[in-house]
Peer 1: 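I'd like to ask some things about the structure below.
Letters A, B, ... are given to chains in the order of the sequence lines, protein chains preceding strands, and every chain is numbered from 1.
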Amino acid sequence: MSYHFNEIEAKWQKYWADNKTFKASNTSDKPKYYVLDMFPYPSGAGLHVGHPLGYIASDIYARYKRHKGFNVLHPQGYDSFGLPAEQYAIQTGQHPAVTTETNIKTYRRQLDQIGFSFDWSREVRTSNPEYYKWTQWIFIQLFESWYNNDTNQAESIDTLISKFSSEGNANINADCDDDITIFSSEEWNNFASEAHQNILLKYRLTYLAETEVNWCPALGTVLANDEIVNGVSERGGHPVMRKKMTQWSMRISAYAERLLQGLDTIDWTDSLKESQRNWIGKSVGASVTFNVKMTSEMLKQVQHDETQRHSELVSESHPHKIEVFTTRPDTIFGVSFMTLAPEHELVSKITTADQKAEVEAYITATAKRSERDRMADVKTISGAFTGAYAEHPFTKEPLPIWIGDYVLAGYGTGAVMSVPCGDQRDYDFATHFNISIPNIFEGVDISEEAYGAKDNVKIANSDFLNGMNYKKATKRAIYELEQIGQGEGKTNYRLRDAVFSRQRYWGEPFPVYYVNGMPQMIDKEHLPIRLPEVEKYLPTEEGEPPLGRATHWSWDTNINSVVSNELCHSALDAESTNDNGIYPLELNTMPGWAGSSWYFFRYMEDAANRGEAFASEDALNYWENVDLYIGGSEHATGHLLYSRFWVKFMKDRGFVNVDEPFKKLINQGMILGTSAFVYRVKLSVSSLGSYQPGDNEKQEKYIEEISSILPSIYVSENISKGKSLIEFDEFFKEKYINEYKTKEVLEKIELLKKNDSSLLGINIHASNINKLHVKVQYVNASDELDLEGLKNDGEFGEDFKDAIFIGENGEIIESDNDVYKVGREVEKMSKSKYNVVNPDAICEQYGADSLRLYEMFLGPLEQAKPWNTAGITGVHGFLKKLWKLYVDDNGLKVNDAEPTADNLKTLHKTIKKVEEDIENFSFNTSVSTFMIASNEFTAQKCTSKAILEPFLVLLSPYAPHIAEELWNRLGHDESISTATFPKFEEKYLVESSKNYPISFNGKMRFTLELPMDMSKEDIEKTVMAHEKTIAQLDGRTPKKVIIVPGKIVNIVG
RNA sequence: GCUGAAGUGGUGGAAUUGGUAGACACGUUGGACUUAAAAUCCAAUGUCCAUUAGGACGUACGGGUUCAAGUCCCGUCUUCAGUACCA
């Protein structure tokens, strides 16, 4: 009886589904364990072999934990809002909800066939209104909260309002916007409601702010950095500008310190924690204020402004100030210029008439560069002088104010004090523009480069800081700055507030409407606010987001419902004072990370009880947080940081009782694709010049005509390699062009030549070889291309139909006379590279258990690795051998034979190794261990049930279907998932002797079997007396003999 | 650029604390079985030298520490990921 994996797998998948084998319970005597995968985005391309890698690992762990007696929660769902569905909708007009539903069905079928132990009854989908209702609710809670730095947590906005009305805002220690005006309690109480709203918005944890975006005028939309290639949009190649836009932001910066501290409490890899630490980017230093020296021109402008709005009092002598943050206040006397980001608001106010043209040209040029470009490019130095000067706070010397795109507007204050002797970028800038580089380091040569180190140097040429080291000078500089009111010690974080608005359709709508431009939240009981229908998914002609196309997208506060825009107050008559209570709704939607920042809590609740809350208190208390989270490291600073932020916020407001969402986190490495390439020979027709006037034109016409009938030629990998283009052309001409396949072309030329003598000079040659991706499905394990398949491909078959293929041996392929080999290269697995391998064919051909084992066998979970199916026969062969260990032609072979010492040794060594491997997430080595064990049992002719039964339990997390089947055949009625993990016993592994490696000067020469309990002295005596030792030493006396009992012997000399 | 990883046979990888480098597989070669193929089984397989015995070299590159280095230290190179609106 042989191993019929397809039948077995279908049978057990049905059994698990019918019996709800993996349904988690919220009440149990067992300890809980929550294993979670990062949920997938259901893309149109379907699941590829990279997705299941992490899922298989977490599934092994979940199944292992069940064997170990835990109540395991192992759910799955879909991150189903996202850009690709929207792109597809724009192209095809299909509603994203429809394509998403189809994609989810495909994913589910593909996931089911791999045999995961998911509790599907708890599935979530972020695009489901019953789910995003709670995403909207959390957004409202953020809006209704402020961050109190005194209690170091978020509080209800009500506590802030009551403080305002009793004491004003002077003593409020909040994390809020910078432009706060001080008011008293009386003033607060007398402000109009609109002023109240305006002020509160500066304190809320989500607030409206002007932020810079990549605006693409041609597409009428905002682009992500990775949608921009070389400064133009990836789609269509349109220009992209930096532009300011009012958007929702999240005050994640309030949590910077707690996000940093929290890292010490969780079990994540050091590299991942380091990424987050760097992202948060805490730096301790000082903020310093520089006054701008006034010119008469500026004074006039300031006076003009003052008459326009007299509310704000400015210091008469220095209306313009530049605030900078520096980690090196000790180098304050090394400042020789200031640099502002080109977008800095002061730039337009201080630029002199002389410099105006240059500055404006520079700003325009900068607006075209992406932020990433500006950060990455340190080689080209650019900038412009504003013509204005700042004043050094101590020396009062004038410091020229420049703008330079190496300073980023969104980073810190968007301005730096430039200390060229201490910072390389400042140094390069100063050198480039001939700005002075004062040296403030004692005995340091700065003629070649800046001195960036803080240690082992004393400050010089710095007045009161002379002779001090970094630490002392920093302290003193801050003190002196405070004395003159131009600075203070400050801790800065690189972490910026997160922009939360997207100008997209396929995302959560905001539960927000606007009255006189002020945002208003919709009450919880009216949620969810569902996505409206639109006729197309593009921005409007006016550049509004796609929701601007919805005809019914206004909020009627009388009936609390979405109504037609025609009824809207502002639409009726802008001048009308007759407010009908119907207002426009927010047109932006939420970003991808909104729904994924809290989904792990939703799984905790049974689907049946999800109506009243995002999850019940009991469920939250029982499951607490995720014990093991597996996903890609590319989420290090996105999803994994935002989730931590939301969880901390929810904890502050009492909605959950954990501080961190994910206790332990493992990153799975990406599975890369092995792309396949064919080499297309580009044939060109050229002329050798003309003989008579007027020939050129004629020749061009002929060239065009001949070019159009040239065949496509593809050469095999071997032929394409290692030849220069000239050599290649020679080879090619000799072999093919003048021979047969281009015969038709040559005949045509001959014909034309007869009629026209000017054609004598026309010539065909191979001008280039292009590498083109082909679908990997047409390539076998030996890199040979299936030409028939390729030519019949539905998508690209036509391109290859009439092409000529030249094989490895240089033969034109007619049938089996030669083979075409493709070139191979490892790249990211992606649809556009045609290297996507999906698991369906593998499940079909080898089975899910083989796929699971193979994905684990590929290598360490956390490492990126290329996918290559060539090795899958190895693990499949193992499963077949394993089957034979239990079953032969007469049925079950397993009996009650007494296990031998060897049997027990193999079993227990396997238990030990597999258990250690699972605990260390080293799944690849377990697979080898199973193979070794199975080979040993086969060699031992083991049939003992006492051995083979526990061995199945060890295997079942990895290959659950075959394990269930054999377990069942051994006479069990219950699923193997209920079995207890076998217990390791040391006593079966005790060895009496050791095969010692005998090394000479560290090189192993031979081995020697010696008893384990032999003393050091006896080992030395035995080894030294050995004939091979004597031969090795060849009469020399060893200087030293090193013996590590149980390990090695090393003879030196 | 910055930040974080990785680099071992023809290929994927193993070597858990510094102690026999290449486990386990794939591939390749040879053999058995078969009319033949598939499947299965057996043997060899890091490179170079040598008939054998055996020897030399070998974990990206260049140094160092040590009786002993894939593993620790310093420097260099290459590849991959993230870099704030892809998910």
Side-chain angles (χ1 to χ4, degrees), chain A residues 2 38-41 43 79 81-84 87 213-214 221-227 247 269-272 274-275 277-279 281 371-372 374-379 406 410 425 494-504 591-593 596 632-639 641 667 669-670 672 781-782 826-828 854 857-860 862-875 877-878 880-881 884 913 916-917 920 922 924-925 927-932 935 995-999 1001-1007 1038-1042 1044 1046-1053:
Chain A
S2 60
M38 289 184 188
F39 59 168
Y41 173 78
S43 87
D79 189 11
F81 271 134
L83 211 45
Q87 287 304 341
V213 295
N214 300 312
T221 189
V222 174
L223 299 177
N225 275 333
D226 57 62
E227 292 177 284
Q247 305 192 85
T269 59
D270 287 336
S271 65
L272 195 80
E274 199 55 29
S275 295
R277 280 195 194 103
N278 283 313
W279 190 258
E371 202 166 273
R372 196 180 299 175
R374 283 164 63 175
M375 281 191 287
D377 184 10
V378 292
K379 285 186 190 109
Y406 76 100
R425 282 169 310 175
R494 200 176 76 102
L495 183 68
R496 311 203 286 246
D497 279 349
V499 180
F500 198 68
S501 297
R502 297 291 181 268
Q503 294 68 43
R504 313 280 190 196
W593 58 269
S596 62
S633 61
E634 66 274 18
H635 301 281
T637 51
H639 164 60
L641 199 64
N667 289 129
M670 196 179 296
L672 303 166
S782 311
V826 172
E827 297 180 290
K828 198 166 171 170
Y854 187 58
F857 189 61
L858 273 179
E862 307 189 26
Q863 211 167 284
K865 51 213 157 246
W867 178 259
N868 186 346
T869 41
I872 198 163
T873 53
V875 291
F878 156 70
K880 283 201 265 190
K881 279 187 244 170
K884 281 195 212 156
K913 177 79 174 136
E916 279 169 4
D917 282 346
N920 292 322
S922 171
N924 54 325
T925 48
V927 180
S928 307
T929 305
F930 290 132
M931 290 175 175
I932 294 167
N935 289 346
N995 194 22
Y996 278 91
I998 314 298
S999 307
N1001 296 322
K1003 284 188 175 119
M1004 203 277 289
R1005 292 302 174 196
F1006 63 95
T1007 59
K1039 287 192 198 115
K1040 210 187 210 179
V1041 179
I1042 287 153
V1044 184
K1047 287 239 161 113
I1048 53 110
V1049 175
N1050 190 15
I1051 298 160
V1052 187

Peer 1: Would you mind reading off the distance between I872(A) atom CD1 and G27(B) atom P, rounded to a whole angstrom?
Peer 2: 12 Å
Peer 1: Have a look at F857(A) and say if it touches a base, only the backbone sugar-phosphate, or nothing, with a 4.0 Å heavy-atom cut-off.
Peer 2: base
Peer 1: Identify each atom pair where a protein N or O and an N or O of nucleotides 3-7 of chain B are less than 3.5 Å apart, giving names and distance.
Peer 2:
from  : atom 1 : to      : atom 2 : distance (Å)
U3(B) : O3'    : N278(A) : ND2    : 3.1
U3(B) : O2'    : N278(A) : ND2    : 3.1

Peer 1: Looking at P860(A), is its backbone amide N or carbonyl O close enough to the side chain of K865(A) to form a donor-acceptor pair, meaning the two atoms are under 3.5 Å apart?
Peer 2: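 Yes: the side chain of K865(A) pairs with the backbone of P860(A).
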Peer 1: Classify the ring geometry between H635(A) and H639(A) as parallel (under 30°), tilted (30 to 60°) or perpendicular (over 60°).
Peer 2: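 Judged by the thresholds at 30° and 60°, the geometry between H635(A) and H639(A) is perpendicular.
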Peer 1: Going by purine N1 to pyrimidine N3 plus the second Watson-Crick contact, or the G-U wobble pair, all under 3.5 Å, which nucleotide sits opposite A38(B)?
Peer 2: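 Pair assignment: A38(B) / none.
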Peer 1: Please determine whether a side-chain nitrogen or oxygen atom of R1005(A) lies at a distance below 4.0 Å from atom OP1 or OP2 of A56(B).
Peer 2: yes
Peer 1: Run the side-chain contact (heavy atoms from CB on, under 4.5 Å) test on L641(A) and L495(A) for me, step by step, so that the C-alpha distance in whole Å, both residues' side-chain angles and the decisive distance to 0.1 Å come before the verdict.
Peer 2: CA-CA 11 Å; L641(A) 199 64; L495(A) 183 68; 3.8 Å; yes
Peer 1: Checking all strands, does K1039(A) fall into the base, sugar-phosphate, or nothing category for heavy-atom contacts under 4.0 angstrom?
Peer 2: nothing
Peer 1: Could you let me know what A15(B) is paired to, Watson-Crick or G-U wobble, both distances under 3.5 Å, or none if it's on its own?
Peer 2: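 Because no pair has both required distances under 3.5 Å, A15(B) counts as unpaired.
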Peer 1: Rounded to whole Å, how long is the line connecting atom CZ of F930(A) with atom P of A23(B)?
Peer 2: 20 Å
Peer 1: Polar atoms only, N or O, under 3.5 Å: list the protein pairs with nucleotides 62-73 of chain B and their distances.
Peer 2:
from   : atom 1 : to       : atom 2 : distance (Å)
C67(B) : O2'    : N1050(A) : ND2    : 3.2
C67(B) : O2     : N1050(A) : ND2    : 2.8

Peer 1: Any base atoms under 4.0 Å from G592(A), or only sugar-phosphate, or nothing? Heavy atoms, all strands.
Peer 2: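 No contact at all - G592(A) keeps every heavy atom at 4.0 Å or more from the nucleic acid.
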Peer 1: Tell me whether G9(B) sits syn or anti, counting syn as a glycosidic angle within 90° of 0.
Peer 2: syn
Peer 1: Treating Y996(A) as the side-chain partner and G1046(A) as the backbone partner, does any N or O pair qualify as donor plus acceptor under 3.5 Å?
Peer 2: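 Yes, the answer is positive, given that a donor and an acceptor are paired below the 3.5 Å cut-off.
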Peer 1: Between K865(A) (NZ) and U8(B) (P), how many Å, whole number?
Peer 2: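 Distance, rounded to whole Å: 15 Å.
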Peer 1: Taking for each residue the nucleotide of RNA chain B bearing the nearest heavy atom, is the 5' side occupied by S928(A) or by S501(A)?
Peer 2: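 Upstream on the strand: S928(A).
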Peer 1: Choose from C85(B), A81(B), A25(B) the nucleotide whose nearest atom is closest to any side-chain atom of M931(A).
Peer 2: A25(B)
Peer 1: Select base, sugar-phosphate, or nothing to describe what R425(A) touches, counting heavy atoms under 4.0 Å on all strands.
Peer 2: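 Result for R425(A) = nothing.
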Peer 1: Return the pairing partner of U65(B) with a 3.5 Å limit on both distances, Watson-Crick or G-U wobble; otherwise return none.
Peer 2: none
Peer 1: Could you work out which one of A15(B), A87(B), G12(B) sits closest to the side chain of L858(A)?
Peer 2: G12(B)
Peer 1: Using the C1' atom on both, measure U51(B) against A6(B) and round to a whole Å.
Peer 2: 44 Å
Peer 1: When the P atoms of U65(B) and C49(B) are considered, how many whole Å apart are they?
Peer 2: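 My reading of the P atoms in U65(B) and C49(B) gives 34 Å.
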Peer 1: Using every non-hydrogen atom in the two residues, find where L223(A) and R504(A) come nearest and quote the distance to one decimal.
Peer 2: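 Taking L223(A) first and R504(A) second, the nearest heavy atoms are CA-NH2, 4.5 Å.
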Peer 1: Look at the rings of F500(A) and W593(A) and say which category their plane angle falls in: under 30° parallel, 30 to 60° tilted, over 60° perpendicular.
Peer 2: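 Taking W593(A) first and then F500(A), their aromatic rings stand perpendicular (interplane angle over 60°).
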Peer 1: For C80(B), give its Watson-Crick or G-U wobble partner with both distances under 3.5 Å, or none.
Peer 2: G4(B)
Peer 1: Which atom names give the shortest non-hydrogen contact between G1002(A) and S999(A), and what distance separates them?
Peer 2: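 G1002(A) and S999(A) have their closest heavy atoms at C-CB, 3.9 Å.
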Peer 1: Closer than 4.0 angstrom, basic N to acidic O: yes or no for K913(A) and E916(A)?
Peer 2: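 Here K913(A) does not pair with E916(A) in a salt bridge, since their nearest N and O are not under 4.0 Å apart.
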Peer 1: Taking pairing as Watson-Crick or G-U wobble with both contacts under 3.5 Å, can you name the mate of G10(B), or confirm there isn't one?
Peer 2: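 Pairing partner, where one exists within any strand: C26(B).
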Peer 1: Quick one: on RNA chain B, does K881(A) or L83(A) contact a more 5' nucleotide (nearest heavy atom)?
Peer 2: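 Between the two, 5'-proximity favours K881(A).
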Peer 1: Out of C57(B), G19(B), A21(B), which nucleotide sits closest to the side chain of K1003(A)?
Peer 2: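 Nearest to the side-chain atoms of K1003(A), counting from C-beta on, is C57(B).
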Peer 1: For atom P, what is the distance between A15(B) and G70(B), given to the nearest Å?
Peer 2: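 Between the two P atoms, the distance is 15 Å.
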Peer 1: Should N868(A) be listed as having a side-chain N or O under 4.0 Å from OP1 or OP2 of G27(B)?
Peer 2: no
Peer 1: Any donor and acceptor pair, going by atom type alone, linking the side chain of R1005(A) with main-chain N or O of I998(A) inside 3.5 Å?
Peer 2: no
Peer 1: State the CG-CG distance between N1001(A) and N1050(A), to the nearest 0.5 angstrom.
Peer 2: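 So the gap between those two atoms works out to 7.0 Å.
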Peer 1: Atom OH of Y41(A) to atom C1' of C85(B): distance rounded to whole Å?
Peer 2: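 Atom-to-atom, Y41(A) to C85(B), this comes out as 14 Å.
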Peer 1: Remember a base hit wins even if backbone is also touched, and classify W593(A) as base, sugar-phosphate or nothing at under 4.0 Å, heavy atoms.
Peer 2: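 Answer is nothing: W593(A) stays at 4.0 Å or more from every strand.
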Peer 1: Looking at every strand, decide which applies to N924(A) at a 4.0 Å heavy-atom threshold: base, sugar-phosphate, or nothing.
Peer 2: sugar-phosphate
Peer 1: Please give, in whole Å, the distance from U83(B) C1' to L641(A) CG?
Peer 2: 13 Å
Peer 1: Round to the nearest Å and state the distance from F1006(A) atom CZ to G54(B) atom P.
Peer 2: 12 Å
Peer 1: Could you tell me whether N995(A) contacts a base, only the sugar-phosphate backbone, or nothing, with contacts defined as non-hydrogen atoms closer than 4.0 Å?
Peer 2: base
Peer 1: Would you check if Y854(A) and W867(A) make a side-chain contact, meaning some heavy-atom pair closer than 4.5 Å?
Peer 2: yes
Peer 1: Once you round it to whole Å, what is the distance between P of U17(B) and CD of E916(A)?
Peer 2: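 Roughly 11 Å, once rounded to whole Å.
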Peer 1: One pair to check against side-chain contact (heavy atoms from CB on, under 4.5 Å): Q247(A) and Q503(A). What are the steps and the verdict?
Peer 2: CA-CA 10 Å; Q247(A) 305 192 85; Q503(A) 294 68 43; 3.0 Å; yes
Peer 1: Hey, does the side-chain of K884(A) have a donor or acceptor N/O within less than 3.5 Å of a partner on the base of U40(B)?
Peer 2: no
Peer 1: Nearest to the side chain of K880(A), which nucleotide is it out of C86(B), U40(B), A23(B)?
Peer 2: U40(B)
Peer 1: Looking across every strand, which nucleic acid part, if any, lies under 4.0 Å from Q247(A) by heavy atom: base, sugar-phosphate, or nothing?
Peer 2: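 Result for Q247(A) = base.
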Peer 1: If U71(B) has a Watson-Crick or G-U wobble mate with both distances under 3.5 Å, name it; if not, just say none.
Peer 2: none
Peer 1: Identify which nucleotide among C26(B), U16(B), U20(B) has an atom closest to any side-chain atom of T873(A), counting heavy atoms from C-beta outward.
Peer 2: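 Nearest to the side-chain atoms of T873(A), counting from C-beta on, is C26(B).
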Peer 1: Heavy atoms under 4.0 Å, any strand shown: does V213(A) hit a base, just sugar-phosphate, or nothing?
Peer 2: base
Peer 1: Side-chain N or O of R502(A) versus OP1/OP2 of C85(B): is the shortest distance under 4.0 Å?
Peer 2: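 Yes, such a contact exists.
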Peer 1: Reckon P40(A) touches a base, only the sugar-phosphate, or nothing at all at heavy-atom distances under 4.0 Å?
Peer 2: nothing
Peer 1: How would you label the contact of H639(A) with the nucleic acid (heavy atoms, under 4.0 Å): base, sugar-phosphate, or nothing?
Peer 2: nothing
Peer 1: Which nucleotide, if any, forms a Watson-Crick or G-U wobble pair with C48(B), using both distances under 3.5 Å?
Peer 2: G55(B)
Peer 1: If you count heavy atoms of other groups shown closer than 6.0 angstrom to CG of N995(A), is the number above 12?
Peer 2: yes
Peer 1: Suppose we define a pair by two distances each less than 3.5 Å, Watson-Crick or G-U wobble; what does A87(B) pair with here?
Peer 2: none
